[in-house]
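Each chain gets a letter, A, B and so on, in the order the sequences are listed, and its residues count up from 1.
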Protein chains: 2
Amino acid sequence: MQIPDMQGPVCPMPLKHENQIVMGHGSGGKMSQELIQRVFQSEFTSDALLAGNDFAYLSSDGGRLVTSVDAHIVFPLFFPGGDIGKLAICGTVNDVAVSGAIPRYITAAFILEEGLDIAILKKIVHSMQLTALEAGVEIVAGDTKVVEKGKADGVFITTTGIGFVPQGRTIHGANAQPGDQILISGNLGDHGIAVLAARGDLGFETGVQSDAAPLNHMIEQLLQAAPNVHVLRDPTRGGLATTLNEIAAQSNVGMLLDESSMPIQQAVRAASDMLGFDPLYIANEGKVIVIVPPNEKDAALQALRAHPYGKDAALIGEITSEHPKRVLLKTFIGGTRMLDVMAGEMLPRIC
Amino acid sequence: MQIPDMQGPVCPMPLKHENQIVMGHGSGGKMSQELIQRVFQSEFTSDALLAGNDFAYLSSDGGRLVTSVDAHIVFPLFFPGGDIGKLAICGTVNDVAVSGAIPRYITAAFILEEGLDIAILKKIVHSMQLTALEAGVEIVAGDTKVVEKGKADGVFITTTGIGFVPQGRTIHGANAQPGDQILISGNLGDHGIAVLAARGDLGFETGVQSDAAPLNHMIEQLLQAAPNVHVLRDPTRGGLATTLNEIAAQSNVGMLLDESSMPIQQAVRAASDMLGFDPLYIANEGKVIVIVPPNEKDAALQALRAHPYGKDAALIGEITSEHPKRVLLKTFIGGTRMLDVMAGEMLPRIC
């Protein structure tokens, strides 16, 4: 007969603290250290982090320094094809990569809601580390804060990226020229529909997966093949239509898009139709808009399609000198309509 | 007689959107753009931000690149001597400066709660810009997200700082040597007590102001006067005691502090006594610990005291080879007690 252990578990804190976030995890003291060791240091192993300072020394690759920041508040935390951790790395890696830079470093700050299961946090942190490894970026600095139950929503993650632009690259939202061709690296609207489905807001199954992906390696292949790319940008919140409007305004050019060439998978089109959404305004998290001079269009398309994340890449329109700062769409039925910036909120908390 | 304007105000949105944060402000579309123009672009005027990309090109000063990140969740948003905006700049500027770097750039991400008064947000953003100007840092990239009422608490601000270490400086938490002298740049515990008072948790008036301040200029003066400083660190969450324990562990040294030399103002001591707190564990937001070889102690103290933020600087102890990784305090009454890392949560949401 086995004798029960009368001492109980040898743990310094009540069970609750072992499994859930409590305010003490945000104290900056012993419990914060334990949380960092248990959850973060087992995944994030940068020398800069392990040095234990509140700052990280970085190596410069040479080239122009670039940074970008995004707060991530997606709800729910997990959705088909991704989670808030993957999203937090992809979003920032992609924002740095569309500058023409090679992303190298990430800082990550976590705002945790009291009561969050530590198992959920571990899953998110693991997902971040997997995505960082794929992208080849190092998580070099971090911070963790805790707020009372009901003062946040599970986890919010803010990531800042740092990268370096190799000599000779000048990619910028203001560089689009009349005659340039507009490419998109794949199907539109997958992320938004996947998150909506995860919320149960659709009322039906779609099978659509978020496209969340780190695009830096694909972009690097693209820039090797088409070194004179003028503009790169990832169409996240506000979707393709809003992002193209931003570029049209920055470059003071017009755009003419062809609706029939837009790559949109059938399930996304069907879900959008039922909900009254336009897929051109739905957020993407693993797509890039490429604006390229006509003589490099074919090389660019080929380079995109050679990468798994770009296999559905398509030519979707061109830059015009007419109607500057306006984006027009040639519709299926032969008419033309203006695509404006998204007005209000279509899908809250999508990223 | 003046004829009233029967058309009413020429505004494209209902009044509510004009004065309060709504979910549409987080859409990435038109309302987001309006919010950015109204609230952020009137304060943050970096060329990098105005370029309108999702990334910022930065200039490198040469020297070693350094970064640091902090999420700020202080409650309440405003307190005597500061607010969350000032804190968000000071916290990150100071974390970069204690590496020996000159802080240059800041990224800032805002998580806004639906219903927040835009006037409050403007006040916070203005405070950030004033503090950034004082510190000489540029806010180069930003992001704004909105969550539903009850899913955040007014505003959370995450800031990442980027700076450059001039040639020849090697400041690090692992560099403390036996015999080194331990200095603190001024009075301890002011920030924590000021925030508690603002919450109404004290039940009495204190007149204590937060010490929140950007310390980079004072640190620069210090390093000119005492170029062989071994360690710098700002004692924020967990206070002086927790921060010194971290350094003792990193450097594998002991510390012996002198309680009678601790600069603590009377009002902080009185409030702490009544609440049962130890001021050595209370957060500071405008203080720096300086660990310096004995031959540079006087120059360091003089340099600190020459700066307004360092006028109450004091010598508080020394590094020992005995009892490595332990911080001991020689008490008023002549005994010695161990100062451990703070165990749980003393003052939640202090920064």
Query raised in the report: Which one, A:T236, A:V96, A:T144, leads in non-hydrogen pairs under 4.5 Å with chain B?
Result: A:T144
Report summary line: Tested for side chain to side chain contact (heavy atoms under 4.5 Å, CB included) against A:T67, the lone hit among B:L58, B:I106, B:T67 is B:L58
Query raised in the report: Side-chain donor-acceptor pair under 3.5 Å between B:T107 and A:T160, yes or no?
Result: yes
Query - Top contributor to chain A contacts, counting heavy-atom pairs under 4.5 Å, from B:D340, B:V22, B:D234, B:T243 - result: B:D340
Report summary line: So, the part of B:S99 with a heavy atom under 4.5 Å from chain A: the answer is both
Query - For chain A, the option from B:L65, B:V140, B:D70 that forms the most heavy-atom pairs under 4.5 Å - result: B:L65
Query raised in the report: Counting heavy-atom pairs under 4.5 Å to chain A, which of B:V165, B:T158, B:V69, B:T242 comes out on top?
Result: B:V69
Requested in this report: Would you give the length of the straight line joining atom CD of B:E148 to atom CD1 of A:I73, rounded to the nearest 0.5 angstrom?
Outcome: 7.5 Å
Query raised in the report: Does B:M342 offer a backbone N or O that forms a donor-acceptor pair with the side chain of A:K30 under 3.5 Å?
Result: no
Query - Which of B:V98, B:N94, B:I350 touches chain A most, by non-hydrogen pairs under 4.5 Å - result: B:V98
Query raised in the report: Ignoring hydrogens and geometry, is there a side-chain-to-backbone donor-acceptor pair from B:R64 to A:Y57 under 3.5 Å?
Result: no
Requested in this report: Give, as side chain, backbone, both or neither, the part of B:Q33 having an atom under 4.5 angstrom from any heavy atom of chain A.
Outcome: side chain
Report summary line: Applying a strict 4.5 Å limit to non-hydrogen atoms, the region of B:A249 in contact with chain A is neither
Requested in this report: With a 4.5 Å cut-off on heavy-atom pairs, point out which of B:G239, B:A56, B:A109 contacts chain A the most.
Outcome: B:A56
